[in-house]
Amino acid sequence: MTKTSPALYVVPTPIGNLDDITQRAIDVLRSVDWIAAEDTRHSMPLLKRIGATARTFPLHSHNEEGATSRLVDCLSRGESVALVSDAGTPAVSDPGSLLVARARQAGFRVIPLPGPCAAVTAFSASGLGCTRFLFYGFLPPRAKAREDVLRSLLECPYTLIFYEAPHRVLETVDAMAAIFGPGRGLVLARELTKLFETIHSCPLGDASAWLCGDENRLRGEFVLLLSGWTRTANASESGRVLRLLLDEGLSVKQAAKLASAITGEGKKTLYERALAFRESENFS
Ligand code: SAM
């Protein structure tokens, strides 16, 4: 390949299976002047494998501001830069969006290459409809902030896509079940493109038991996909009773208590769902 023109190339790399790098990504990485990498040591085996010998420059969340200025200087000198992250598409729940923004502001071409992305890979195999999704990425780690976000998404009609770390996946699916109700559809996509790839669909209420059913299921990398809100998704008996009580003007606490007495469902779960209903009314 001839030398690339001075531009910022956004280059996706494999999320597991090393054969998933595209020929164009290989050509660009072999011919640029600089490779900005989230972790240069992590990227080195891949770069060696494809014969890319450009100078590398670390660009991660702790040095993003300074590294971005230096890389924009490289572009200003007419040098080409490829941006890679540890896995998948850079700037998608990964460092790089500041560099992309600054390069564009400064008038340089930003050339994105298509390639691996865990969210899109998981969505394509989820069976959860093919048109609309909302990519959220990582939820906040703290319970209260995470619940606030989940509540704000309760009545989103699109498939919801989350990234999650293995040590938090159990508490996250439990929090989801408490807020979205046990009947909402979930797809757990773990270890995509790797040896132990697993794509499991179940109602949210069964997710915790499935994860605990085999210790290997709690290992690896996860994408969680939730089916979007539909009128029928909320038409469970408890959801209907809650709605009625809230519409009658009862407080969240009173509605949850009464709905629990009427339906036998747990007070805490119903309180969460009542809060979520109220919050989604404020958003609509
Ligand atoms: N930029 C990447 C992309 O395009 O997918 C995402 C980077 S983010 C820091 C890492 C998260 O992506 C993981 O915690 C996991 O949620 C998800 N992920 C990455 N690789 C995965 C895989 N092979 N299988 C399932 N999820 C994966």
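We're numbering straight along the sequence, starting at 1. For clarity, every value in this text was computed on a predicted model and none was experimentally measured. What's counted below: heavy atoms across the whole structure, side chains too, no hydrogens, waters or symmetry copies. Each ligand, and each atom within it, is numbered from 1 in the order the structure gives.
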Output the distance between atom [atom1] ([X]) and atom [atom2] ([Y]), rounded to the nearest 0.5 Å.
X: K48; Y: S43; atom1: NZ; atom2: OG; result: 12.5 Å
X: D73; Y: T68; atom1: CG; atom2: OG1; result: 11.0 Å
X: L224; Y: F162; atom1: CG; atom2: CZ; result: 8.0 Å

**Study point:** Residues lining ligand 1 [heavy-atom distance under 4.0 Å, listed by chain and residue number]
**Key:** I15, A87, G88, T89, V92, S93, D94, C117, A118, F138, Y163, E164, A189, E191, L192, K194, E221, F222, V223

Point to revise | Salt-bridge present (R49, D19; N to O < 4.0 Å) | key: yes

Study note, to complete from the structure: Residues passing the side-chain contact (heavy atoms from CB on, under 4.5 Å) test with V92, sequence neighbours excluded, are T89, C117, F135, Y163

Review point. Would you call S80 and W34 a side-chain contact if the rule is heavy atoms closer than 4.5 Å?
Key: no

